[in-house]
Colleague: 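Structure incoming, see below.
In this text, all values refer to a predicted model and were calculated from it rather than measured experimentally. Ligands are counted one by one from 1 in listed order, and the atoms in each one are counted from 1 as well.
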Amino acid sequence: MSPQSLTLTDTQLAGRLRVPGAKDHKYTRGVLGVWAGSQTYPGAAVLACAAAVRTGVGLVRLQAPQRVADLVLARRPEVVPAAGRSQALLIGPGISAQDVPRAAEADAALALALGDPTTPPLPAVLDAGALPLLACRLQAGARCWPWHVLTPHAGEAAVLLSGLGRRTSRQQVEEDPEATVRALSAMTGATVLLKGNPTLVSGEGGQLLVRLDPGPAWLATAGSGDVLAGVLGALLAVEAASWERPDSEVYRVGEACVTGRGQADAAEPGAGSPGPAPVDPSAGEPQAADSAPLLHGSTKSVLECYQEDISRDSVAIPSNKTGGVKVSCLTGLVPVWMHPLLVTALGGRIHARAADICAGTGPGRQGRPLAALDLVETLPAVLEALLEAVQESAS
Ligand SMILES: NC(=O)C1=CN([C@@H]2O[C@H](COP(=O)(O)OP(=O)(O)OC[C@H]3O[C@@H](n4cnc5c(N)ncnc54)[C@H](O)[C@@H]3O)[C@@H](O)[C@H]2O)[C@@H](O)CC1
Ligand SMILES: Nc1ncnc2c1ncn2[C@@H]1O[C@H](COP(=O)(O)OP(=O)(O)O)[C@@H](O)[C@H]1O
């Protein structure tokens, strides 16, 4: 694949949003495990957890020192300050290497997110204090997968690149953010959102780049990146939860991988290709042609989709079922390997739109200062507007 730069509309991005169905409960809507906040930076955990809750995840679990947990609960009593199974992780806001015990906890969570030969990786947002820890683990031989979303600002990107052996200054990152974000994606294997103006997302080893509307410069305020991390964490958890449903897209992709269905669609991209036949959830597990390792609808099956040497261009699926809307992207079909990029870009877009509302910016309007917590309270309205846009484009 040659390097590509994608332009994605709000409606295309919003197609990745999921509306809960009648049979959903909190565990099917996504559980996010958060390692954020420390004695020095307790507020980062408040902002990240509140943002995740307001983005619409089923449950947020927090692993943090008591004082941090107390502050989070005072603001968001929905958060559960205890360990348990999570479908996605958010690691790093408000954690620094100087706080050695707290950094060690984050590092243990990072090991969980990265997986090992016996345990598959988990989708995870790796922000702030998680990034230097990641550099060490990558130097020791670990590798990210596309559902690891890194969210450095220019300073953190410089430290991360340097930690990976490419000595880079913050100034160099700011001079060439595109080269930086592509290099980080290539060197880590992750999806990378480089914050700032511009805000750029790169995936597929740096081959794909999305340039996002950065939002107003009022966003340059303490904690707004922690809010973005919470939004992204929630989106990943919702996405990962959907993999466990027998009628999910990934379940269907798994079927396409095993049976070869879907390849014909890719040969004739666009123009309303129907994609693999829908799975009838009432019919029990669909039968695969050979063995059915990809049909369990779990994180493992998603991992196998990436690990199998499938022809990437041939695994195309009809996009998201939100209201039966087709989210056309490039060809009218959204290949599974583009999902992390789209979900990450969607998070960035939600964040920027929330900022526009809070700051009151728009054509000819300079707006007003915003505070990071204001962004959080605006998130439901942003999500509602995006979902409405998807519905309108379908009708
Ligand atoms: N209320 C809170 O608890 C807050 C906690 N925060 C946490 O504070 C910790 C330290 O965060 P910092 O970002 O200040 O990192 P640092 O203080 O470690 O800054 C690292 C370097 O990056 C540069 N830098 C900082 N922001 C930049 C940007 N947006 N673009 C380019 N360069 C930039 C700085 O000049 C510095 O050279 C993180 O864990 C973060 O999550 C911040 O999010 C602020 C709010
Ligand atoms: N000049 C700017 N224009 C638009 N957005 C900006 C600008 N500067 C920073 N931002 C955005 O503000 C957020 C700041 O995040 P970050 O640097 O992590 O702050 P914090 O660590 O305080 O949360 C990012 O989303 C970034 O893209």
Colleague: With the 4.5 Å side-chain cut-off for hydrophobic clustering, are L122 and Y27 part of the same group?
Modeller: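 They do not share one cluster, since no chain of ILVMFWY contacts under 4.5 Å joins L122 to Y27.
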
Colleague: Just heavy atoms, cut-off under 4.0 Å: does V159 contact ligand 1 by side chain, backbone, both, or neither?
Modeller: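 Neither part.
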
Colleague: Provide, to 0.1 Å, the distance between atom 25 (O) of ligand 2 and the closest protein heavy atom, together with that atom's residue and name.
Modeller: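 Going by distance alone, atom 25 (O) of ligand 2 is nearest to H351 CE1, 3.2 Å.
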
Colleague: Would you kindly confirm whether L126 and Y41 end up in one hydrophobic cluster when ILVMFWY residues are joined by side chain heavy atoms under 4.5 Å apart?
Modeller: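 No: no chain of side-chain contacts under 4.5 Å links L126 to Y41.
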
Colleague: Nearest protein heavy atom to atom 11 (C) of ligand 2, by residue and atom, and its distance?
Modeller: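 Its nearest protein heavy-atom neighbour is L219 CB, 3.8 Å.
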
Colleague: Using a 4.0 Å heavy-atom cut-off, say whether H153 meets ligand 2 through its side chain, its backbone, both or neither.
Modeller: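 The side chain, only.
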
Colleague: Return a yes/no value: protein heavy atom under 4.0 Å from atom 22 (O) of ligand 1?
Modeller: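 Given the 4.0 Å cut-off, atom 22 (O) of ligand 1 counts as touching protein heavy atoms.
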
Colleague: Hey, mind stepping through D116 and T119 against side chain to side chain donor-acceptor pair (under 3.5 Å) and telling me if it holds?
Modeller: CA-CA 5 Å; D116 60 33; T119 322; 3.2 Å; yes

Colleague: Please check this pair: side chain of R166 against backbone of A183, looking for a donor-acceptor N/O pair closer than 3.5 Å.
Modeller: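 No, because the side chain of R166 does not come within donor-acceptor range (under 3.5 Å) of the backbone of A183.
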
Colleague: Ion pair present between E377 and R75, side-chain N to carboxylate O less than 4.0 angstrom?
Modeller: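 Result for this pair is yes, salt bridge flagged.
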
Colleague: Protein heavy-atom contact under 4.0 Å for atom 26 (N) of ligand 1?
Modeller: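 For atom 26 (N) of ligand 1 the answer is yes, since some protein heavy atom falls inside 4.0 Å.
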
Colleague: Looking only at protein heavy atoms, identify the closest one to atom 34 (C) of ligand 1 and say how far it is in Å.
Modeller: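 Looking only at protein heavy atoms, the one closest to atom 34 (C) of ligand 1 is R170 NE, 4.5 Å.
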
Colleague: As a test of the contact definition, would atom 43 (O) of ligand 1 count as having a protein heavy-atom neighbour under 4.0 Å?
Modeller: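 Yes.
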
Colleague: Have a look at G43, G155, A217, S224 and point out the one with the heavy atom closest to atom 13 (C) of ligand 2.
Modeller: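 Ranked by closest heavy atom to atom 13 (C) of ligand 2, first place is S224.
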
Colleague: Considering only protein heavy atoms, determine whether one is less than 4.0 Å from atom 4 (C) of ligand 1.
Modeller: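 Given the 4.0 Å cut-off, atom 4 (C) of ligand 1 counts as touching protein heavy atoms.
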
Colleague: Using protein heavy atoms only, decide if any is under 4.0 Å from atom 18 (O) of ligand 1.
Modeller: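 Answer no: nothing from the protein, no heavy atom, is under 4.0 Å.
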
Colleague: Tell me: protein heavy atom nearest atom 11 (O) of ligand 1, and distance?
Modeller: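 For atom 11 (O) of ligand 1, the nearest protein heavy atom comes out as E156 OE2, 4.7 Å.
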
Colleague: From the options E174, H153, Q98, select the one whose nearest heavy atom is closest to atom 12 (P) of ligand 1.
Modeller: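 It is H153 whose heavy atom sits nearest to atom 12 (P) of ligand 1.
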
Colleague: Taking non-hydrogen atoms only, is A154 closer than 4.0 angstrom to ligand 1 via side chain, backbone, both or neither?
Modeller: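 Both the backbone and the side chain of A154 come within reach of ligand 1.
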
Colleague: Could you go through D70 and Q66, starting from their C-alpha distance and side-chain angles, then the distance that decides it, and tell me whether this counts as side chain to side chain donor-acceptor pair (under 3.5 Å)?
Modeller: CA-CA 6 Å; D70 288 346; Q66 189 64 49; 2.9 Å; yes

Colleague: Identify, for atom 21 (O) of ligand 2, the protein heavy atom at the shortest distance, and state residue, atom and that distance.
Modeller: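 Of the protein heavy atoms, D226 OD1, 4.4 Å lies nearest.
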
Colleague: Got the closest protein heavy atom to atom 8 (O) of ligand 1, with its distance?
Modeller: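 Going atom by atom, the protein heavy atom closest to atom 8 (O) of ligand 1 ends up being Y41 CE2, 3.3 Å.
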
Colleague: Please work out which of A44, A45, S169, G94 has its closest non-hydrogen atom nearest to atom 39 (O) of ligand 1.
Modeller: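 Checking each option, the heavy atom nearest atom 39 (O) of ligand 1 is found in G94.
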
Colleague: Applying a 4.0 Å heavy-atom criterion (strictly less than), which segment of P216 is in contact with ligand 2: side chain, backbone, both, or neither?
Modeller: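 It is the backbone that gets close, since no side chain atom is under 4.0 Å.
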
Colleague: Tell me the protein heavy atom at minimum distance from atom 6 (N) of ligand 1, and give that distance in Å.
Modeller: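 Answer, as residue, atom name and distance: D226 OD2, 3.8 Å.
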
Colleague: Can G225 be said to touch ligand 1, with heavy atoms closer than 4.0 Å?
Modeller: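 Per 4.0 Å heavy-atom rule, G225 does not contact ligand 1.
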
Colleague: Which residue and non-hydrogen atom of the protein lie closest to atom 18 (O) of ligand 2, and at what distance in Å?
Modeller: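 Closest protein heavy atom to atom 18 (O) of ligand 2: K195 NZ, 2.6 Å.
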
